[in-house]
Each structure stands twice: as C-alpha cells, then as structure tokens.
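These notes are about the structure you will find just below.
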Amino acid sequence: MQYTLDRFTHDIRAALEQTGRIPADLTELSEPKASLQADLALACFRAAKAQGGNPAKLAQELAATLQFPPDALVGKVEASGPFLNFTLNAGQFGGAVLGDVIHGVEHYGDDDLGASKTVIVEYSSPNVAKRMHVGHIRSTIIGQALLNILAALGYHTISDNHLGDWGKQFGTNIASMIRFGRPEGNGEAALAEIERLYQRYNRMMKGENADTDDEADDEQMLDDEARSWSLKLEQGDPTARELWQWMCDMTLRVNQRNYDRLGVHFDMAHGESFYRDMTAPVIEEALAAGIAMREPGGAVVVKDLSDERGHELPTFLLQRSDGGTLYQTRDVATIEYREREYRPAIVIYVVEQRQELHFRQAFALAKALGHARDTQLVHVHFGTIFGANGEPLSTRKGNMVYLEALLNDAEARARAVVLEKIGAGKTELPPEEIDAIASAVGIGAVVYNDLYQDVRRNITLDWERMLAFEGNSAPYLQYTFARCCSILREALNRDTSANLLEGLPPFEAMLLREPQEQAVLKQIARLPDAVRRAGQAFAPYIIAEWLYTTAREFARFYRDLSVLKAATPELRAARLALVAATAQSLRNGLHLLGLAAPERM
RNA sequence: GCGGGCGUAGCUCAGCGGAUAGAGCAGCGACCUUCUAAGUCGUUGGUCGUGGGUUCGAUUCCCGCCGCCCGCGCCA
C-alpha cells in the first residue's frame with residue numbers, strides 16, 4: 001500500500017536515479033533529526049566515494065540538477081554540506097495526508113503486506129487451577145497488541161490461548177483434592193483454595209511440613225501418589241478426568257472476566273491437553289529419525305541437536321522414564337498440528353524470556369524432523385516482573401500481584417481522578433459515563449505500562465508509575481483524543497461517530513501552513529510506517545511511541561492555534577479537518593494497542 | 001563452563017552507521033475570564049559499562065573484558 005510519505009520517498013529516489021549520478025542501491029534516504037529543517041536526506045559519502053568525488057560537491061550538484069514540478073510532494077531540495085536535504089511541499093502535503101485518512105478512516109494505517117498469509121499468535125496461556133497474576137498480564141497484553149497489529153497489516157490472524165492444562169502438576173492437584181477434599185465455591189476464591197491445597201501437598205511431599213511425624217516413607221508415598229494420578233489422568237481414569245475437567249471449566253470462567261476487561265479475544269483455546277494424543281507420534285518420529293534415543297531407564301532424550309545458528313543445544317527429554325510426556329513433547333506436537341491444520345507463515349509465541357532455551361529446542365527439533373519448513377517460528381520473549389524492592393514475585397513469599405486485584409485497583413484509582421477532575425470543575429461528564437471512563441483510563445494505564453517500552457526489558461513493579469496518568473501514559477493519549485472530540489462536538493454538533501471525518505465542511509488543506517499544523521500532519525502521515533515497523537519487529541512500543549509523539553504535537557497545535565476561533569471560516573474548516581484526522585489516527589493507534597478511546601474525560 | 005537478555009541523564013526508557021545524543025518522571029521556575037491545565041513552556045542534569053578494531057564517520061557494526069537478570073534431562 002502506498003501512503004503519502006511512501007510517495008514522497010519514492011518520488012525522490014526515482015528522481016535521484018534519473019540523474020544517473022547515483023546507483024539505485026545508494027539512494028537509501030534517512031530521516032534527519034527533528035532539529036533540522038528537512039524531511040528526508042541523502043548522505044552523499046558513499047556515492048561520492050564510489051565515483052572518486054567530494055560528497056559536498058556531489059550534494060551541491062544534485063541540488064542544482066534535481067527539478068520537481070510545483071505541484072509535486074517534494075518541495076525544496078538543498079545541499080547542506082555532504083547531505084542533500086529534501087523538504088515536503090507543505091501545500092501539497094496536507095491535502096494528501098488528510099486524503100489518506102479520509103479514504104482509510106478506521107483502516108487508516110493498515111497495510112496489505114501480510115497478503116492474507118496466516119499468522120498464529122499464542123499468548124496469555126495461563127495455568128489451569130491457578131489465578132492469573134502480573135506475569136500473565138504481560139503475555140496477554142503484548143499478544144493481543146501484536147495480533148491487532150498483524151491483522152492491520154493484512155495477515156489472517158489466529159489467536160490461541162495455549163492453556164497450561166496438562167502435565168504432572170495436575171497429578172499433584174488431584175492428589176491434594178482426594179486427600180483434603182474439593183474446595184467449595186466457584187470464583188477466584190475457589191481457585192485460590194486449589195492453589196493452597198496444591199502448595200500444602202507440595203510442601204508435605206518435600207518434607208517441609210514437620211508438623212506431623214512425617215517419615216521419609218510418607219514423602220515418597222505422597223510423591224508416588226501424585227505421579228500415579230498424573231499418569232491416570234493421561235490414561236483417562238474417570239475420577240481424575242472429572243476433577244481435572246472441573247478445574248479447567250472453573251478456571252476458564254474466572255479468566256474470562258479478566259479477558260473481557262482487557263478487551264482480549266481468542267479464536268481458540270487449545271490447551272496442552274488438546275495435543276495429548278499427538279505426542280506419541282512425535283516420540284516415534286524422533287526415534288525413527290535417530291534424533292532421539294531411548295535410554296536404558298526408558299526415558300527418551302534428544303542429544304547433539306543444533307539450532308539454526310549452529311549452536312549445540314543442551315540435551316533434553318521427550319519422554320519421562322515413567323512413560324509420561326513433557327511440555328517439550330507437546331510443544332513439538334503443537335507445531336506439527338498447526339502446520340497440518342493452518343499452514344501458517346508465522347507462528348508467534350508470546351512467552352517470558354526464561355523459556356528462550358525451551359523454544360529454541362522445540363523449534364530446532366521440529367525443523368530437524370522436517371516440519372515447519374515454510375513457517376517462521378518466533379519466540380517474542382518478554383522480561384520478568386519484579387516486586388517493588390527488586391525481589392522476584394512468588395506465591396510462596398506472598399508478594400504475588402494478581403491480575404484481578406490489579407485491574408480493580410487501577411479502576412478505583414482512575415475513578416478517584418475522574419471524580420477529582422469533576423469536582424475541580426475541569427470537566428463535565430454525564431454520571432452514567434463515569435464508570436466506563438474510569439475503566440478505560442485505569443485499565444488503559446495498566447495495559448500501556450506493558451507496551452510503552454521494548455518488551456525484552458525486565459520490569460520492576462512501581463505502582464506510581466504503572467498507574468501514572470501523566471506524561472507518557474495511556475490517559476495522556478486518551479485525554480488528547482478527548483480534546484479532539486470536544487472540538488468536533490462543538491463545531492459539528494454531534495457526539496459519537498465511527499468515522500470522525502464524517503460531516504466536515506468543505507476545506508482547503510493548503511491553508512494549513514503553520515509549523516504546528518505541519519508537525520501534526522507529519523505525525524499523522526507517519527502512522528502507516530509505525531504500524532509496518534511494529535509488525536515487522538513484533539514491537540508494539542513503536543505504536544506507543546507514535547501515539548505519544550502525535551499527542552505531543554497536537555498539544556502544541558492546540559495551545560497555539562485556535563480551531564473554533566480561527567481567523568477565517570476557511571481556516572477554521574481546514575483546522576477542523578486536521579483535528580478530525582488527528583482524532584481518527586489516534587483512535588486507530590489506541591485500538592491497535594487494545595486501548596479504549598473515550599470521547600470525554 | 002556454555003547459552004540468552006540487558007547495561008544511554010538521579011529514576012524509567014527511545015535512538016542502533018551519519019549532521020549539536022532525545023523523551024517522561026523526579027527537582028527548580030513560569031502559564032488556566034481563552035476549543036478540557038490528565039496540558040504547555042523554560043531550566044538543571046550525559047566520559048552513551050569498559051578496552052581494542054573496522055569506517056570518511058561508531059551510542060549504533062565486530063572482538064575481548066566487567067556488571068546485572070535468566071536458562072542449561074525426567075516441572076511448566
């Protein structure tokens with residue numbers, strides 16, 4: 001898809017190539033720093049060197065040679081030392097950008113580079129029989145944002161919640177409920193109780209509870225019991241299956257409330273259990289290929305496997321000596337299943353950094369077995385969240401932060417701020433909208449906290465920052481959008497609209513010549529590129545950065561230039577169109593990150 | 001030991017081959033009878049972990065070292 005800035009770049013490169021002075025591979029343009037008054041630049045060093053000339057001289061000659069018609073997108077062409085600077089033709093630029101937005105509306109910024117290829121994003125993936133905590137929120141939020149971005153780029157997206165609903169821990173869960181009884185109730189509290197029973201059993205198994213006259217025998221017995229329930233579950237024992245199903249159903253119901261609040265939606269939730277009957281073929285396949293070996297004890301191991309970079313990977317297991325399968329086995333089975341079923345071009349795993357090795361092994365094994373040849377397997381790994389004092393969060397230490405409580409807290413804080421603003425006469429809001437606004441703002445702050453920076457970084461939990469409503473934060477972005485809407489309401493006498501540019505009076509974009517107006521236009525024009533870069537780098541923060549810069553530029557425009565009281569009706573109409581285009585673009589960007597865009601705040 | 005991630009302002013982070021290294025927060029000082037001050041402006045603050053190398057040019061690429069986090073067979 002070609003947007004205005006694409007055309008700008010294309011026109012310059014074409015003109016450069018036409019001069020015959022620069023080979024096509026040296027016409028790479030770069031964006032000068034904001035402090036310089038140019039929109040694109042060509043560094044002439046390499047081209048000059050190739051022909052044995054002086055870069056500054058070449059820049060000068062090119063500046064003298066290049067000609068663009070008055071109605072072109074390219075305006076001034078100037079040499080500045082060894083750089084050749086190009087400036088947008090302000091008169092043409094505004095109309096072109098606003099035209100792009102009017103044409104695209106809620107799809108402005110989208111692209112077709114995904115070309116309907118299928119991409120599967122696996123994210124959230126909480127464990128059954130446990131409450132979701134801050135660790136899961138990262139995967140959930142990052143994954144949803146990536147999914148939105150990739151969908152905007154034209155990919156056929158499939159979101160999959162790869163639930164942790166299988167494995168040895170359910171043996172322990174079942175054993176603990178057989179021993180201590182099944183918890184009553186149904187919600188988050190019942191999940192917490194299951195966790196407590198699990199931990200209690202686990203401690204006894206490890207002999208950490210010296211409250212009874214436990215002997216080592218008992219510990220061994222408890223361990224055998226858990227292991228045996230795990231195997232019974234794999235073999236379809238009715239009691240085991242019933243308890244397991246009960247845990248799964250309840251967990252899904254509880255989690256769904258969190259997903260609803262976060263605006264997260266899954267096309268499917270195939271947990272690990274879904275692949276349980278597909279693991280045996282994986283093991284056989286690996287053995288037959290000679291990549292895996294069965295050890296005398298019965299365990300199946302993979303040795304001497306290398307990753308794509310040629311690094312030898314540590315040995316890992318596909319089957320336990322007691323016959324049970326492992327996470328690794330199921331993940332390879334998952335790769336094979338997805339390939340058979342969906343033929344994806346890309347599969348993205350939004351999973352914490354700690355599992356980097358696990359995925360390198362799974363990917364390498366799948367490739368070694370000849371699978372996923374045409375599939376890009378990507379582990380988008382994010383950093384760990386630490387407590388305020390820098391300590392790891394853990395249930396054992398009792399410093400765990402649960403998702404539901406976090407969202408409640410964020411909403412409550414946002415609500416307090418909303419009421420404070422109303423009380424101070426800063427805003428007027430219909431009472432029935434207050435809850436929705438508090439929710440949009442509070443949850444937006446939490447979501448944005450996970451998206452505004454490169455996801456690879458670790459995060460130290462800081463409530464003040466996480467729920468910050470100032471500076472580079474979701475509420476600031478939402479506030480800017482609300483200000484745009486406020487102007488549109490005044491001028492157009494209308495409230496909500498899917499198309500914020502609908503019903504604008506005729507306007508002449510040529511009139512938008514002030515630097516503040518041009519700066520906003522330039523930012524609007526950059527959205528498509530931000531979306532492309534975010535998708536290519538699997539980096540939602542690129543959208544966040546675009547949003548923030550756009551909001552800042554709009555704030556400057558807002559401060560200096562009045563829309564409603566513009567000097568002439570023509571100028572007012574043009575600025576109104578600029579506001580509408582800003583609002584539409586901001587909303588598109590907010591939606592890509594999964595953030596709500598309230599029209600009043 | 002091997003492998004992965006990260007070291008940029010007091011704190012949290014952008015920038016990752018080009019022209020004086022940018023934001024937010026915190027600090028200091030301004031600006032609301034004006035389209036919402038959840039805002040804006042000014043100001044203080046940097047040997048870009050460190051030592052080499054490549055290059056006309058390195059915070060950015062390569063190599064060594066140091067520091068922090070994480071991972072490395074029967075958990076997920």
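Every heavy atom of this structure was used, including side-chain atoms; hydrogens, water molecules and symmetry mates were not. Order of the sequence lines sets the chain letters (A, B, ...), proteins ahead of strands, with each chain counted from 1. Just so it is clear, the model here is predicted, and its values are computed rather than measured.
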Quiz item: Using a cut-off of 4.0 Å on non-hydrogen atoms, how would the nucleic acid contact of A:R575 be classed: base, sugar-phosphate, or nothing?
Solution: nothing
Exercise. Assign A:E470 to base, sugar-phosphate, or nothing according to its heavy-atom contacts below 4.0 angstrom with the strands shown.
Key: sugar-phosphate
Quiz prompt | Pairwise 5' ranking along RNA chain B for A:R552 and A:D560, keeping only the more 5' one | solution = A:R552
Quiz item: Is A:G81 touching bases, backbone alone, or none of the nucleic acid, heavy atoms closer than 4.0 Å?
Solution: nothing
Quiz item: With a 4.0 Å cut-off on heavy atoms, is A:A482 in touch with a base, just the backbone sugar-phosphate, or nothing at all?
Solution: base
Quiz item: What nucleic acid atoms does A:A34 come within less than 4.0 Å of, heavy atoms only: base, sugar-phosphate, or nothing?
Solution: nothing
Quiz item: Is A:S80 touching bases, backbone alone, or none of the nucleic acid, heavy atoms closer than 4.0 Å?
Solution: base
Quiz item: Between B:rU36, B:rU20, B:rC74, which one does the side chain of A:R483 approach most closely?
Solution: B:rU36
Self-check item: Nearest to side-chain heavy atoms of A:Y476, which nucleotide of B:rC56, B:rU40, B:rC35
Solution: B:rU40
Quiz item: If you measure from the C1' atom in B:rG52 to the same atom in B:rG71, how many Å do you get, rounded?
Solution: 30 Å
Practice problem: Remember a base hit wins even if backbone is also touched, and classify A:A555 as base, sugar-phosphate or nothing at under 4.0 Å, heavy atoms. | Solution: sugar-phosphate
Quiz item: Taking the side chain of A:R457 as heavy atoms from C-beta outward, which of B:rA19, B:rC41, B:rG7 is closest to it?
Solution: B:rG7
Self-check item: Selected nucleotide, minimal atom distance to A:Q353 side chain, candidates B:rG18, B:rA38, B:rG5
Solution: B:rG5
Self-check item: Test of ring centre spacing under 6.0 Å for A:Y275 and A:H162
Solution: yes
Quiz prompt | Selection from B:rA23, B:rG73, B:rU36 that lies nearest to any side-chain heavy atom of A:K303 | solution = B:rG73
Exercise. Choose from B:rG73, B:rA38, B:rA14 the nucleotide whose nearest atom is closest to any side-chain atom of A:V441.
Key: B:rA38
Quiz item: Quantified in whole Å, what is the C1' atom distance between nucleotide B:rG18 and nucleotide B:rG39?
Solution: 36 Å
Exercise. Measure from the side-chain heavy atoms of A:R354 and tell me the nearest of B:rC75, B:rC35, B:rG71.
Key: B:rG71
Quiz item: Contact class for A:K426 (heavy atom, under 4.0 Å): base, sugar-phosphate, or nothing?
Solution: base
Practice problem: Kindly point out which of B:rC75, B:rC70, B:rC35 is positioned nearest to the side chain of A:Y558? | Solution: B:rC35
Practice problem: Give A:P82 one of three labels, base, sugar-phosphate or nothing, depending on what nucleic acid heavy atoms sit under 4.0 Å from its own. | Solution: nothing
Practice problem: Indicate, with a heavy-atom threshold strictly under 4.0 Å, whether A:L36 touches base, sugar-phosphate, or nothing. | Solution: base
Quiz item: Base, sugar-phosphate, or nothing for A:L561, non-hydrogen atoms under 4.0 angstrom?
Solution: base
Exercise. Tell me which nucleotide among B:rG5, B:rU40, B:rU12 gets nearest to the side chain of A:R465.
Key: B:rU12
Exercise. Scan A:E352 against the nucleic acid and name what it touches under 4.0 Å (heavy atoms): base, sugar-phosphate only, or nothing.
Key: nothing
Practice problem: Assign A:N85 to base, sugar-phosphate, or nothing according to its heavy-atom contacts below 4.0 angstrom with the strands shown. | Solution: base
Quiz item: Looking only at atom C1', what distance separates B:rG49 and B:rG5, rounded to whole Å?
Solution: 16 Å
Practice problem: Give one of base, sugar-phosphate or nothing for A:L318, where a contact means two heavy atoms less than 4.0 Å apart. | Solution: nothing
Quiz prompt | Nucleotide nearest A:R309 when distance is taken to its side chain, options B:rG4, B:rG24, B:rC74 | solution = B:rG4
